[in-house]
Amino acid sequence: MIRRLGYACINMIHSDPTLVKKADRVTTNRTCRLATFQQLGMDHIKSLVLDNARDLHTILEWNETQGIRLFRLSSDMFPFLAHPEVGYDISDLGPEISEALAKCGEFIAKHDHRISSHPGPFNVLASPSPNVVDNTIRELDAHPAIFDAIGFSQNHNSKINIHVGGAYGDPDAALDRWCTNFARLSPSAQARITVENDDRASLYSVRALYDNVYKRTGVPIVFDYHHHIFCTGGDSEADALALAISTWPSGIVPTTHYSESHELHVGNDKPTPKHSILINALPDPHGHTIDVMIEAKGKEQALLPHQTSAMRNRDWWSAEADA
DNA sequence: ATAGGTCAAGCGAGG
DNA sequence: CCTCGCTTGACCTAT
């Protein structure tokens, strides 16, 4: 059974520049260039973050009206949060921002929304470059600060999801480095990290993650249905899903990712990793209870046609959540 | 107002 | 060798 559907970072109907005037956009993704920061200073970043934080609340309210209680927080919400030179503490941004973030946290708790994050592809714990690893650790350790400022529980319900990041011609050595460097993360980051299977055969299948990451670190695996097509590790979809689900702690509904191939949507025969704008179907939960993050260019517009009345029905999902 | 070039950041695939 | 795609386009300047 699919418990919830969610979408990532952007609400199209409230932010698409072809639909909404720039001044009226509701978005958590306001950022700036380094040059602009150097010109305008921290006051500019504070202004961007405050607008982002207030708009997050608006998006969450809209999600609630649609029965959408799964959402991915953009890591762009706090520009340069973990930048080697610019980096700052959220608590230093002032009471106005702290209050706006806490207000989001209260809404999330009250309506039982589930919020996650997915830091960018620059986060490579497996990198042979010490500098890349240092930057990654700084970035990943910054995410619990975001979650704490808003007020999420410190577990995999609000996950920080990443990929292993690279193979460098020697996947085993890369996996060793990943596990070694994982131990350097703060405990609050470690408690929330998940790993996701890759969309290329040269990288990491669910099976590879299970054997080389989960067994050594206990880090749960996020199953991406679409990626699995390109990197099966020899497992069927049902087997890979079951293996990934087995890595999740009890009491936390496993999250999965679902998307469809853009190439198939435009009439070509060969699927590629590129995401389609909308989706034609929902994935098969193969008898498990899962949450599904829809990764489609159309964001909530891809999700909405697939919301069932049961998903919109508060009584139903509350009962399920309690079960 | 809009179009086009640019932007902190890593990696691998494809042309 | 360069561009794209990924997690997620958005910023900024010129016209």
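Sequence lines set the chain letters: A, B, ... in the order given, protein chains first and strands last, and positions in each chain run from 1. Model, not experiment: these values are computed from the prediction.
Checked options Arg69(A), Arg3(A), Arg4(A); the residue passing with Asp112(A) is Arg4(A) (criterion: salt bridge (charged side-chain N to carboxylate O under 4.0 Å, His left out)).
For Phe122(A), counting side-chain heavy atoms from C-beta on, the closest listed nucleotide (dC11(B), dG10(B), dA10(C)) is dG10(B).
Regarding Arg30(A), its CZ atom lies at a distance of 13 Å from the C1' atom of dC11(C), rounded to whole Å.
Across all strands, Ser74(A) comes closer than 4.0 Å to no nucleic acid atom at all (heavy-atom distances). Contacts of Asp76(A) with the nucleic acid, taken as non-hydrogen atoms under 4.0 Å apart, include base atoms. Residue Gly166(A) is in sugar-phosphate contact alone, with no base atom involved, counting any heavy-atom pair closer than 4.0 Å across all strands shown. Contacts of Thr136(A) with the nucleic acid, taken as non-hydrogen atoms under 4.0 Å apart, are absent.
Along DNA chain C, the nucleotide nearest to Ile294(A) and the one nearest to Arg200(A) differ in position, and the one closer to the 5' end is contacted by Arg200(A).
The phosphate of dC4(C) (OP1 or OP2) has no side-chain N or O of Lys274(A) nearer than 4.0 angstrom. A close approach under 4.0 Å does not occur between any side-chain nitrogen or oxygen of Lys21(A) and OP1 or OP2 of dT2(B).
Considering only heavy atoms from C-beta on, Pro220(A) stays 4.5 Å or farther from Tyr214(A) through its side chain.
The aromatic rings of His143(A) and Phe147(A) sit perpendicular to each other, their planes meeting at more than 60°, with 30° as the lower class boundary.
A donor N or O paired with an acceptor N or O is not found under 3.5 Å between the base of dC12(C) and the side-chain atoms of Arg33(A).
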